[in-house]
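Some notes on the structure that comes next.
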Amino acid sequence: DVKVTQSSRYLVKRTGEKVFLECVQDMDHENMFWYRQDPGLGLRLIYFSYDVKMKEKGDIPEGYSVSREKKERFSLILESASTNQTSMYLCASSLGVGNQPQHFGDGTRLSIL
Amino acid sequence: GQNIDQPTEMTATEGAIVQINCTYQTSGFNGLFWYQQHAGEAPTFLSYNVLDGLEEKGRFSSFLSRSKGYSYLLLKELQMKDSASYLCAVGGFKTIFGAGTRLFVKA
């Protein structure tokens, strides 16, 4: 079974802080994704990566950056956290792009005060 | 524009059959996914359709009509544990998710 592990289930940070969310997968998947999930809006793609050191902007990349230095690890960075970034953040990985299911981590519920 | 529509909420009775519809308009299409997400948990993969027709997997079936931009998820012999959100997603260079349908199963 694919295991996608996110570093924290719950996180509370202050406005203006730099925040790091970490995600690790153990199935040697090429593709990794970061989403945020808000009530009524569903899953929205922030960034994804199809290879080490490669990244692509999703639909809502503003205020975020990512890092993929190793195949198994994909980090999401909030450069200067703001209250509108309070959300559930989900990391996922997949074997293929668009034609293979994504495997999700348990999510990080991030609150920015 | 790209859009995926599915009902916000549905209620059904234990033991019954429920159909959750999904319509989509997207620029790319590599297949249609359904995921289940229980409250407070991660989405988990249920089904994948890339060709028109019905795919059956136990109590769950999924249908696709590419010409109509339409899919449905059929849940038979509903159980209380099926109470969850069901997410429709279109695969492409960027997979696009619908907002999800919250299904309540009552006794």
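Below, read A as the first sequence line, B as the second, and so on, with proteins coming before strands; counting in each chain starts at 1.
For B:Y35, the part lying near chain A is the side chain, with the backbone staying farther off; criterion is any non-hydrogen pair under 4.5 Å. A:R109 does not touch chain B: none of its heavy atoms, backbone or side chain, sits under 4.5 Å away. In this structure, the portions of A:Q102 lying under 4.5 Å from any heavy atom of chain B include both its backbone and its side chain. Interface residue B:Y48: only side-chain heavy atoms are found under 4.5 Å from chain A.
Classification of B:E14 and B:K106 as a salt-bridged pair fails, no side-chain N sitting under 4.0 Å from a carboxylate O.
Annotation: A:Y35 is in aromatic contact with B:F97 [ring centroid separation under 6.0 Å].
Interface remark: of the candidates B:G92, B:G100, B:G91, B:P43, B:P43 forms the most heavy-atom pairs closer than 4.5 Å to chain A.
Checked by atom type, the side-chain pair A:E79/A:S65 shows a donor-acceptor distance below 3.5 Å.
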Donor-acceptor pairs under 3.5 angstrom involving side-chain atoms of residues 42-50 of chain A: please list them, not counting sequence neighbours.
unit_1 : atom_1 : unit_2 : atom_2 : d
A:R44  : NH2    : A:D38  : OD2    : 2.8
A:S49  : OG     : A:D51  : O      : 2.9
A:S49  : OG     : A:M54  : O      : 2.6
A:S49  : OG     : A:R68  : NH1    : 3.0

Next on the checklist: Working note: A:E30 + A:K71, criterion salt bridge (charged side-chain N to carboxylate O under 4.0 Å, His left out); need CA distance, chi angles, decisive distance, verdict.
Outcome noted: CA-CA 7 Å; A:E30 302 289 340; A:K71 191 175 187 179; 3.0 Å; yes

